[in-house]
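Data first, discussion second: the structure below is written as structure tokens.
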Amino acid sequence: MVKEIQFTFHNGVKIPNIGFGTWQIPNEEAYAAVTTALENGYTHIDTALAYQNEENVGKAVHDFQLAREDVFITSKLPAQIKGYDETLQAFDETISNLGVDYLDLYLIHAPWPWTEIGKDCTEGNIQSWKAMEQLYNDGKIRAIGVSNFSESDIQALLDECEIVPMANQIPFYIGRDQESLLAFCNQHNIVVEAYSPLATGQILNSPPILEMAKKYDVTPAQLCIRYCLERGTLPLPKSTNESRIAENSQLDFSISEEDVRTLGTIEDVRED
Ligand code: A2P
């Protein structure tokens, strides 16, 4: 983990600076993966109802016997669930799956269902957000946010709702810097969480990344994850492999401003 970098939401809640991502970790592998992450010092675990692994994420956290306040748990409202009552129901399902009585961070997973990317669901998002505000005010969630939201998706919430989102979780990695969205979030004091900081593994063989990693005597994955921190985003690397889980949290180096700029010029090589 990284001592010198801290993230604090606009309500004062602190979030550990590297999260263990569990997207694409099946439920049967999630227990071992999360246990390994906790053994390696991760105290921040990111899951979602849609990942279908909350049950074993929660079991691993429970069995590890950390005090509840010493572990930070994020989950997400499924992208296709929009509306006030529907959100309250999905939240109950999540905390029951996880076996906890509150969440540290709850996010709207996406502004539209994954089967209808780009659909205008503004009204549904506003209703979901109002339910999340209610859960937050009731003390059931310590921070609320969004994921995959564009500037206009966030602006719609700012226009209609009380609470400014505390986080926006977006795909962010070398080659996909999302400059204007990052600036918008910074301007509104919204922490940007970087999911797929390794572009799901697809940028690790990129020659300029390999070359820069050599210069710093780190692995390409460590360079990519540290890059997210240098850009002010909070990385959520995912792995099911013990040595890679450990490697991804050992980030005790820094990248010079000049090299951050150089890495920022790399083009997106990922094929979606
Ligand atoms: P594995 O789970 O076998 O380690 P992202 O975090 O961008 O979604 O990337 C996740 C992908 O990158 C997974 O396929 C994961 O595979 C792989 N990965 C994670 N950490 C490393 C690492 N340190 N070195 C190489 N590949 C990694």
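Between Glu69 and Arg142 there is no salt bridge, since none of the side-chain N atoms of the basic residue sits less than 4.0 Å from a carboxylate O of the acidic one. Using a 4.0 Å cut-off between charged side-chain N and carboxylate O, Lys140 and Asp101 make no salt bridge. A salt bridge is absent between Lys238 and Asp46; no separation between the charged side-chain nitrogens and carboxylate oxygens falls under 4.0 Å. Between Arg226 and Glu230, at least one side-chain N (NZ, or NE/NH1/NH2) sits under 4.0 Å from a carboxylate O, which counts as a salt bridge.
Remark: Arg68 is positioned above the aromatic ring of Tyr102, its terminal NZ or CZ atom under 6.0 angstrom from the ring centre and at most 45 degrees off the axis.
Listed for the Thr22 side chain is no donor-acceptor partner under 3.5 Å among the backbone atoms of Ile25.
In this structure the side chain of Ile15 reaches within 4.5 angstrom of the side chain of Leu105, judged on heavy atoms. Residues Ile190 and Val164 have side chains in contact (heavy-atom distance under 4.5 Å, counting atoms from C-beta outward).
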Candidate pair His62 and Tyr31, rule ring pair (Phe, Tyr, Trp, His ring centres under 6.0 Å), full reasoning: CA-CA 10 Å; His62 178 263; Tyr31 185 87; over 10 Å; no
Derivation of the salt bridge (charged side-chain N to carboxylate O under 4.0 Å, His left out) call for Lys59 and Glu54: CA-CA 8 Å; Lys59 201 164 181 304; Glu54 286 177 322; over 6 Å; no
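With respect to Leu135, the side chain to side chain contact (heavy atoms under 4.5 Å, CB included) criterion is satisfied by exactly one of Leu103, Leu88, Ile95: Leu88.
Connection of Phe184 to Tyr195 is established within a shared hydrophobic cluster, with ILVMFWY side chains joined at heavy-atom distances below 4.5 Å, either directly or through further cluster members. Cluster annotation: Leu263 is not connected to Leu210 through the hydrophobic network of ILVMFWY side chains, with a link wherever side-chain heavy atoms come within less than 4.5 Å.
Checked by atom type, the side-chain pair Gln80/Thr115 shows no donor-acceptor distance below 3.5 Å. Between the side chains of Asn53 and Thr47, at least one donor-acceptor pair of N or O atoms lies under 3.5 Å.
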